[in-house]
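Here the structure is a predicted model, which means the values were calculated and not measured. Every number for a ligand or one of its atoms is a count from 1 in the order of the listing.
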Amino acid sequence: MADEPLVLGIETSCDETGVGIVRGTTLLADAVASSVDEHARFGGVVPEVASRAHLEAMVPTIRRALKDAGVAASDLDGISVTAGPGLAGALLVGVSAAKAYAYALGKPLYGVNHLASHICVDQLEHGTLPEPTMALLVSGGHSSLLLSTDITSDVRPLGATIDDAAGEAFDKIARVLNLGFPGGPVIDRYAREGDPTAIAFPRGLTGPRDPAYDFSFSGLKTAVARWIEAKRAAGEEVPVRDVSASFQEAVVDVLTRKAVKACKDEGVDHLMIGGGVAANSRLRALAQERCERAGIRLRVPRPKLCTDNGAMVAALGAEMVARGRRPSSWGLSADSSLPVTDPHVPAPDDASAGHSHEHVHEVSKENLYS
Ligand code: KG4
Ligand code: ZN
């Protein structure tokens with residue numbers, strides 16, 4: 001609908017330069033430039049390489065998004081950007097770009113939370129988020145169970161990983177198996193031809209005295225690495241497909257078990273799963289099976305919206321505009337450890353601490369995009 005907010009969102013928290021444009025809950029453009037290939041030979045994301053790549057990709061990616069959406073920058077109702085959490089230098093590039101565009105165009109600026117954005121993106125696929133929403137966020141940088149009654153103002157952490165993130169575990173095991181980086185997609189592929197019950201790997205933090213909603217993958221990672229080493233030391237061939245399937249099963253078993261338990265305990269009858277690991281085919285299938293059995297509705301966005309992208313940041317920005325949330329000030333800074341409980345970073349109450357957005361309209365907008 002034409003009266004819904006038109007927002008451009010910028011995401012640079014890790015190795016993807018994402019620029020998305022949405023109108024309300026409708027996706028208009030989702031342009032992503034990834035530097036993942038530049039990190040592959042290091043087996044993980046190198047922050048300085050990522051920052052430089054963002055700098056180079058930023059303006060072309062913004063232009064591409066505007067072109068794909070068929071909108072003019074002057075039509076935007078706001079610009080949102082990931083303020084954190086993420087890599088400090090990488091976030092800084094996005095925040096600086098967002099400020100520059102917002103200031104020059106005379107648009108309100110919204111610094112938003114990367115994790116809340118991963119949840120909010122589901123609106124683009126399945127419509128308005130039910131409230132409250134239970135969310136399982138699993139990626140290379142985070143593994144959390146979150147409960148939100150309003151994605152613009154109330155996100156409550158129920159549990160998180162106490163060591164490695166789920167995606168990190170996939171990446172590390174892939175490295176031990178010499179499968180390259182990122183490890184998730186390739187392990188997912190091998191696992192399809194393997195036996196998930198071939199090797200009984202441990203399920204972290206599932207004992208009766210363990211915290212119900214926290215995760216731990218470091219013990220599993222060590223167990224898998226040791227198992228592989230023992231095979232190699234004995235001069236035996238490592239059954240990559242069975243190891244992949246058994247490792248993957250251990251991860252997704254714990255993730256889905258805890259997420260369904262959280263829904264039941266909190267009386268929430270639907271679950272959303274987001275983050276890069278939500279692209280995992282076995283996680284999707286097992287979550288579907290267990291949710292159905294428990295009478296829970298499962299919402300998982302398509303894989304492209306699960307991995308880092310700008311559309312998710314635009315989706316949350318549009319929600320901020322729609323709900324009349326206060327924009328950020330020009331003093332907005334990147335916060336590598338922005339708490340998950342802050343869906344956005346509003347300007348301080350004290351108006352003198354930030355610049356009024358009214359001033360912005362005096363800035364010339366001529367030739368900005370020529
Ligand atoms: O959300 P994302 O793009 O970036 C972060 O914020 O981390 O997630 C990337 C992570 C990587 O660890 C990658 O191995 C994992 O998501 N991943 C997968 C799959 N596709 C990506 N993990 C398991 N199965 C997949 N199919
Ligand atoms: Zn992410």
Side-chain angles (χ1 to χ4, degrees), residues 9-18 20 30 32-37 39-40 42-45 47 50 54 82-87 90-91 94 112-122 135-144 146 160-161 164-177 179-192 194 196 217 220-221 244-245 247-256 272-287 300-313 315-316 336 338 340:
I10 300 175
E11 153 64 34
T12 62
S13 70
C14 194
D15 59 342
E16 260 96 29
T17 312
D30 181 16
V32 177
S34 176
S35 61
V36 69
D37 294 343
H39 307 287
F42 301 105
V45 175
H54 287 309
T82 303
L87 302 170
L91 288 167
V112 302
N113 190 301
H114 182 80
L115 300 178
S117 302
H118 266 305
I119 301 175
C120 196
V121 74
D122 191 48
L136 170 67
L137 290 190
V138 273
S139 77
H142 31 84
S143 306
S144 325
L146 306 167
T161 179
D164 292 345
E168 217 176 339
F170 273 92
D171 294 336
K172 286 181 180 167
I173 294 306
R175 190 156 53 188
V176 178
L177 289 169
L179 298 179
F181 172 83
V186 57
I187 288 193
D188 193 349
R189 257 196 326 274
Y190 275 110
R192 275 176 221 172
F217 298 109
L220 168 65
K221 192 187 67 191
S244 297
F247 157 74
Q248 176 177 276
E249 196 66 16
V251 175
V252 307
D253 175 26
V254 175
L255 291 175
T256 53
M272 87 76 58
I273 306 185
V277 181
N280 185 270
S281 59
R282 181 61 187 149
L283 175 59
R284 288 172 170 249
L286 189 59
V300 193
R302 59 184 172 274
K304 186 156 189 258
L305 294 180
C306 285
T307 50
D308 290 350
N309 63 81
M312 67 189 211
V313 179
L316 184 53
S336 59
L338 184 68
V340 64

Once rounded to 10 degrees, what value does the angle at the Zn ion (ligand 2) take between NE2 (His118) and NE2 (His114)? 90°

For the Zn ion (ligand 2), find the closest N/O/S atom belonging to Asp308 and write down its atom name. OD1

With a 4.0 Å cut-off on heavy atoms, is Arg282 in contact with ligand 1? no

Under 4.0 Å from a heavy atom of Gly141: which atoms of ligand 1 are those, numbered in the order shown and with their elements? 7 (O)

Got an N/O contact under 3.5 Å between Thr307 and ligand 1? no

As an exercise, identify every atom of ligand 1 less than 4.0 angstrom from a heavy atom of His142. 6 (O)

Show the nearest heavy-atom pair for residues Asn113 and Pro85, with the distance to one decimal. OD1-CD, 3.7 Å

For Gly84 and Leu338, which heavy atoms make the closest approach, and how far apart are they? O-CD2, 3.5 Å

Non-hydrogen atoms of His118 and Met272 that approach each other most closely: O-CE, 3.6 Å

Out of Gly184, Cys14, Gly167, Ser139, whose heavy atom sits nearest atom 22 (N) of ligand 1? Gly184

Does any non-hydrogen side-chain atom of Ser13 lie less than 4.5 Å from one of Glu11? yes

Using heavy atoms and a threshold below 4.0 Å, how should the contact between Val277 and ligand 1 be classified: side chain, backbone, both, or neither? both

Pair Ser117-His114, side-chain donor/acceptor within less than 3.5 Å: no

Closest protein heavy atom (residue, atom, distance) for atom 26 (N) of ligand 1: Asp188 OD2, 2.9 Å

The atoms of ligand 1 lying under 4.0 Å from a heavy atom of Gly183, numbered in the order shown, are 14 (O)

Atom CD1 of Ile187 and atom CZ of Arg192: how far apart are they, to the nearest 0.5 Å? 12.5 Å

Can you list the ligand 1 atoms lying under 4.0 Å from a non-hydrogen atom of Gly140? 5 (C), 7 (O), 8 (O), 9 (C), 10 (C), 12 (O)

Identify the protein heavy atom lying closest to atom 24 (N) of ligand 1, giving its residue, its atom name and the separation to 0.1 Å. Asn280 ND2, 2.9 Å

Any heavy-atom pair between the side chains of Val138 and Leu283 that's under 4.5 Å? yes

Determine, stepwise, if the pair Asp188 / Gln248 fulfils side chain to side chain contact (heavy atoms under 4.5 Å, CB included). CA-CA 8 Å; Asp188 193 349; Gln248 176 177 276; 3.9 Å; yes

Just checking Phe170 against Phe247, ring centres under 6.0 Å apart? yes

How far is atom 3 (O) of ligand 1 from its nearest protein heavy atom, and which residue and atom name does that atom have? Asp308 N, 3.2 Å

How far is atom 14 (O) of ligand 1 from its nearest protein heavy atom, and which residue and atom is that? Asp171 OD1, 2.7 Å

Are any of the side-chain heavy atoms of Ile10 and Val313 separated by less than 4.5 Å? no

Among all protein heavy atoms, pick out the one at the shortest distance from atom 1 (O) of ligand 1; state its residue, atom name and that distance to 0.1 Å. Gly276 N, 2.9 Å

